[in-house]
Trainee: 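Take this structure first; my questions come after.
Note that ligands are numbered from 1 as they come in the structure, with each ligand's atoms numbered from 1 the same way.
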Amino acid sequence: MTSQYRVNYHLRAHKRDSLIEFIKGMLLTPFVLHSQPTNAQTHVTENAQRFSEIFSSIEHLIQEHRSFTRQGIPTYSRLAKLVPSIGTFFTPLPLQQAFERVNAQDKISARKHVPPSFNDVRRILNMAQAMAIAPQLKLVTFDGDMTLYADGQNFEEDHGLTALLISLLRRGINVAIVTAAGYGDDAKRYEHRLSGLLAGFGKARLEAEEAARFFVLGGECNFLFRTVIQQGNRYGLEYVSDAEYAASGLRSWTDSQVQQLLDVAETELRDCVERMAISAEILRKPRAVGLVPQAQLTREQLDECALSSQLALLKYQGSPKSQPCDVPIPFCAFNGGNDCWVDIGNKLIGVRILQDMLESPPEATLHVGDQFLSTGNDLSTRTAGDGENID
Ligand code: IMP
Ligand code: MG
């Protein structure tokens, strides 16, 4: 039996992106029907032409969907019928041009045995998004772990991204790291994790005005920091108190409501530990509760913890026992790769806080993250701006 038959695909729906699956399906037809050519060069050119036409058609479907969205009836679009879970596109996507660029480099159309994959389609969508947003970009937000640095690691000094981030700041673009990592108002902990980048700011002698365009938002949306030049040309982070910016309406919860929600999450995580005989520590913070394993857990075990706590909290919020509040408190239960966390708030709120503060509308905002699937913590940002999905 091959591994393909051992996977239960019914349990993996949350691992898929429906738009990417739809595009993959469209590309599969010409791949299968034209995979045995007589002349190699003809095959490459003809398949490139067919793929390019498919991307052009999908580009038009997206344009049509955007026009129905503007009329307030997105579900009427052809795309919404083909991909019912489709969200909002804040910019058009030049998919045909993006395909041609990616194909010129990766020669997807030259392959005879491996059809266009999830990763190929995702790269093309990312390229199209970057091309579309570049002229009006005002705010780029990055996830931290697994996007800018390895899980639990720090931003290293010789990181190739330092120069690119600096060039964004110098061009007047605001840059923020929106991370789940929650250390309260302790600027030193965030400075430590970003020490390589801050040292890079120093080496590049960023002007105060340029450095001030760089922010860190920790605990998904809870703790904001700005960059300041301290004594001796040292670049550091400074906590911005809640009173200094308008998060009202976006983070309107009381501590007692938060603690009740965290109690429910903690109980569920402890139940997971017992049920699956996991050896793990449960960490409680003022705005989060986490399960940190003592030995590596499988992805399935961590997904189980994330999905169980997600469901327990939704049930609690729907039950008469929950403390009344105007809107249910947003939370984020996710598989962090090596741990599982339930945070109060989410990155959607985080990105919205920054958009309000920096006057960046969704069509000028880009979030780059690694966790856009339903047990990930970057997914929610899709509602506030355009997303780039990386591994
Ligand atoms: P992100 O990918 O930058 O959003 O960071 C996610 C990771 O931050 C998680 O996988 C955890 O390892 C780590 N982390 C540290 N503190 C917290 C917390 O309070 N809530 C959630 N994640 C945390
Ligand atoms: Mg991440």
Trainee: If you look at Asp143, which of its N/O/S atoms is nearest to the Mg ion (ligand 2)?
Mentor: OD2

Trainee: So Tyr190 and Tyr183, would you call those rings parallel, tilted or perpendicular, with 30° and 60° as cut-offs?
Mentor: tilted

Trainee: I'd like the residue list for ligand 1, meaning every protein residue with a non-hydrogen atom under 4.0 Å from the ligand.
Mentor: Asp143, Gly144, Asp145, Thr179, Ala180, Ala181, Gly182, Lys285, Ala288, Phe334, Gly336, Asp339, Trp341, Asp343, Lys347, Asn377

Trainee: For residues Glu266 and Leu269, determine if any side-chain heavy atom of one lies less than 4.5 Å from a side-chain heavy atom of the other.
Mentor: no

Trainee: I'd like to know if the side chain of Ser52 pairs up with that of Gln96 as donor and acceptor (distance under 3.5 Å, no hydrogens or angles considered).
Mentor: yes

Trainee: State whether Asp151 contributes an N/O/S atom found under 2.8 Å from the Mg ion (ligand 2).
Mentor: no

Trainee: Indicate whether the side chain of Glu59 and that of Gln63 have a donor and an acceptor atom separated by less than 3.5 Å.
Mentor: no

Trainee: What angle, to the nearest 10°, do the atoms O (Asp145) and OD1 (Asp370) form about the Mg ion (ligand 2)?
Mentor: 100°

Trainee: Do NZ/NE/NH1/NH2 and the carboxylate oxygens of Lys24 and Glu21 come within less than 4.0 Å?
Mentor: yes

Trainee: Could you point out which residue of Val228, Thr227, Asp186 forms a side-chain contact (heavy atoms from CB on, under 4.5 Å) with Leu237?
Mentor: Thr227

Trainee: Would you check if there is a donor-acceptor pair between the side chains of Arg123 and Asn126 at a distance under 3.5 Å?
Mentor: no

